[in-house]
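Scroll down for the structure; my scribbles are underneath it.
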Number of protein chains: 2
Amino acid sequence: MDSAPQFNVEPIAVTGTLTDRVCEALTQLIASEDFGAGARLPSEQQMAGRFGVSRTVIREAVSRLKSEGLVESRQGSGVFVRERNIDTPFRIDPALMDCRQSVLQVIELRQALEGEIAALAATRRTPAQMTAIRDALAGIAEAEAAGDDGVDADIAFHRSIAAATDNPHFLALTEFLFTFLTHATRITRGYEATKRTLSLQVKDEHQHIVDAIAANDAEAARAAARQHMKCAMQRLGSANLKKLRQPSA
Amino acid sequence: MDSAPQFNVEPIAVTGTLTDRVCEALTQLIASEDFGAGARLPSEQQMAGRFGVSRTVIREAVSRLKSEGLVESRQGSGVFVRERNIDTPFRIDPALMDCRQSVLQVIELRQALEGEIAALAATRRTPAQMTAIRDALAGIAEAEAAGDDGVDADIAFHRSIAAATDNPHFLALTEFLFTFLTHATRITRGYEATKRTLSLQVKDEHQHIVDAIAANDAEAARAAARQHMKCAMQRLGSANLKKLRQPSA
DNA sequence: ATATGTCGTATTGTATGACAACTTTTAGCC
DNA sequence: GGCTAAAAGTTGTCATACAATACGACATAT
């Protein structure tokens with residue numbers, strides 16, 4: 001009988017762009033098991049005909065579904081429904097945001113990353129990226145002079161280094177950790193406080209990192225970044241924080 | 001001076017579709033705060049000119065960014081960077097799952113983490129955790145003997161080490177990266193293949209890590225784990241990866 | 001002077017046609 | 001049957017055109 005999946009297009013929403021509507025309709029079709037995992041969608045031309053839109057719209061809709069991991073396209077072959085993706089992203093429970101131990105743990109994570117990030121940046125940085133790093137470093141001093149707390153500038157500095165790795169995942173993860181830390185420290189305070197009093201030392205640490213990256217010295221960059229993170233933990237740790245659990249026995 | 005955001009487009013990645021590359025480049029540009037929240041991107045035509053691609057490609061890339069919530073487009077006005085949500089989790093674009101470069105980049109991320117994880121584990125591990133690590137190592141051999149591909153056992157091994165850091169975020173992040181890698185390598189294949197042929201070397205690397213952790217030697221553990229990851233990258237890099245066709249028939 | 005209407009321009013949304021790159025199927029030959 | 005080559009089908013990319021919308025400039029009315 002009807003072995004071929006039907007294309008019963010319910011009257012799609014009357015709001016939003018055509019791409020939005022087609023996207024929604026396709027998502028619904030896939031979800032309603034008319035097209036199971038591995039099934040091939042009709043060709044873009046066919047879908048354009050069925051929906052009464054141009055292939056442009058279909059392509060944009062499919063592109064979105066691709067970015068959501070629902071389908072995958074193979075050139076010359078077609079568009080196929082993906083297996084249910086166990087898309088469990090990495091997240092940090094916001095409930096831990098005001099927990100100081102969590103902050104230290106996240107910084108510990110950063111310590112692991114920043115060392116490698118600095119090393120890779122020292123190896124791969126382009127002159128343009130080096131300039132961006134130097135600008136960001138200067139931005140910290142400016143912010144400080146302007147009376148700003150300098151948190152944003154500090155983040156921008158570390159971000160510019162992460163960007164120089166040419167590995168977007170380092171940048172994305174750094175970004176993510178920073179959003180957590182800024183929100184967390186906004187609760188626990190103590191960031192600006194410690195930062196202000198020790199700004200000289202921090203500035204020195206930053207300079208060491210930049211110098212190493214400028215010199216293409218991966219090992220020195222790694223060491224400088226690690227030292228920077230270590231000091232950051234100590235600053236936070238000494239700022240009236242409870243100690244992390246240490247290796248007991 | 002020129003306050004307008006620069007558009008220093010470095011040569012983008014040489015793999016994947018044009019849309020993939022542009023998408024990645026734009027994400028990086030937005031993340032690197034050349035374009036802060038609320039800023040307007042250049043018009044699609046301008047971007048097409050700068051990247052040297054057609055407007056079609058730009059539109060599909062922007063469409064993906066829209067579906068990820070990074071930007072929003074207003075007809076007649078332009079494309080604007082959206083305020084980053086507080087709890088946007090760290091995730092990896094599923095569209096990059098079959099991109100071999102992404103796999104290597106994620107492994108590079110793991111390389112940064114595993115070194116520190118091993119070092120921390122060596123410092124903090126409890127006897128019980130040490131036992132768990134040894135059991136996991138033995139589990140790899142058992143799985144291998146049983147004819148299993150040993151992927152799950154390998155994951156369990158690294159997980160047991162991450163658990164010994166007493167920092168739950170290391171465990172969670174490792175977990176996340178593994179789910180990505182398993183899904184990705186299930187597409188690109190080559191994991192078991194390379195693993196089988198080089199299992200002796202892998203086993204040796206594992207043993208070195210365990211020994212260092214057992215001896216509470218943080219530096220040795222870090223070195224061993226980094227070496228392990230480095231080799232993993234080389235193995236994947238040399239392996240002849242090919243996209244896998246879904247067995248729909 | 002302020003408010004309002006109109007217009008022109010810039011920008012995104014959509015349509016269409018074409019070609020390239022790639023995959024699958026088919027036809028033909030041995 | 002098995003192999004090769006042609007053909008058809010599909011996604012990827014490009015170029016162009018027009019529609020729909022937003023926004024500022026300018027003129028006009030109150």
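Please read all numbers here as calculations on a predicted model, not as lab measurements. Letters A, B, ... mirror the listed sequences (proteins, then strands); counts begin at 1.
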**Request:** Kindly say if A:Ser54 contacts the phosphate of C:dA15, meaning a side-chain N or O under 4.0 Å from OP1 or OP2.
**Result:** yes
**Prompt:** Below 3.5 Å, does any donor atom in the side chain of A:Thr56 face an acceptor in the base of C:dA15, or the other way round?
**Reply:** yes
**Asked** Under 4.0 Å: is that the gap between some side-chain N or O of A:Ser73 and OP1 or OP2 of D:dG12?
**Response** yes
**Item:** Rounded distance (Å) that lies between atom P of D:dT16 and atom CZ of B:Arg59
**Value:** 17 Å
**Message:** Any side-chain N or O of A:Thr19 below 4.0 angstrom from OP1/OP2 of C:dG13?
**Reply:** no
**Prompt:** If you pin A:Gly52 and A:Gly76 to their nearest nucleotides in DNA chain C, which one's is more 5'?
**Reply:** A:Gly52
**Prompt:** Checking all strands, does B:Val53 fall into the base, sugar-phosphate, or nothing category for heavy-atom contacts under 4.0 angstrom?
**Reply:** sugar-phosphate
**Complete:** Atom CD of B:Gln45 and atom P of C:dA10 are separated, to the nearest Å, by 10 Å
**Nucleotide C:dA10, atom P - distance to CE of B:Met47 in whole Å** = 17 Å
**Message:** Closest-nucleotide mapping onto DNA chain C: is A:Val57 or B:Ser43 further toward the 5' terminus? I mean the 5' end.
**Reply:** B:Ser43
**Message:** Students often mix this up, so state it plainly: with edges at 30° and 60°, are the rings of B:His206 and B:His228 parallel, tilted or perpendicular?
**Reply:** perpendicular
**Spacing of A:Glu44 atom CD relative to D:dT10 atom C1', expressed in whole Å** = 8 Å
**Item:** Test item: A:Thr56 and B:Thr56 side chains (from C-beta on) under 4.5 Å apart, heavy atoms
**Value:** no
**Item:** Out of D:dC14, C:dA15, D:dT11, whichever nucleotide has its closest atom nearest the side chain of A:Leu18
**Value:** C:dA15
**Message:** Please report the distance, rounded to the nearest Å, between CD in A:Glu60 and C1' in D:dC14.
**Reply:** 15 Å
**Item:** Side chain of A:Arg40 - closest among C:dT12, D:dG12, D:dT10
**Value:** D:dT10
**Prompt:** What is the distance, rounded to the nearest whole Å, between atom CD of A:Glu72 and atom C1' of D:dT11?
**Reply:** 13 Å
**Item:** Side-chain donor-acceptor contact under 3.5 Å, B:Ser67 with A:Ser67
**Value:** yes
**Prompt:** Are OP1 or OP2 of C:dA15 and a side-chain N or O of A:Arg55 less than 4.0 angstrom apart?
**Reply:** no
**Prompt:** So does A:Lys66 get a side-chain nitrogen or oxygen closer than 4.0 Å to the phosphate oxygens (OP1/OP2) of D:dT11?
**Reply:** no
**Asked** Side-chain donor-acceptor pair under 3.5 Å between B:Glu205 and B:Gln201, yes or no?
**Response** yes
**Request:** Look at the side chain of B:Gln75 against the base of D:dA22 and say whether a donor-acceptor pair falls under 3.5 Å; ignore hydrogens and angles.
**Result:** no
**Asked** Between atom CZ in B:Phe80 and atom C1' in D:dC23, what is the gap in whole Å?
**Response** 11 Å
**Request:** Pick base, sugar-phosphate or nothing for A:Val62, based on heavy-atom distances below 4.0 Å to the nucleic acid.
**Result:** nothing
**Message:** Can you confirm whether B:Glu72 is buried at CD, in the sense that more than 12 heavy atoms of other residues, nucleotides or ligands lie under 6.0 Å from that atom?
**Reply:** yes
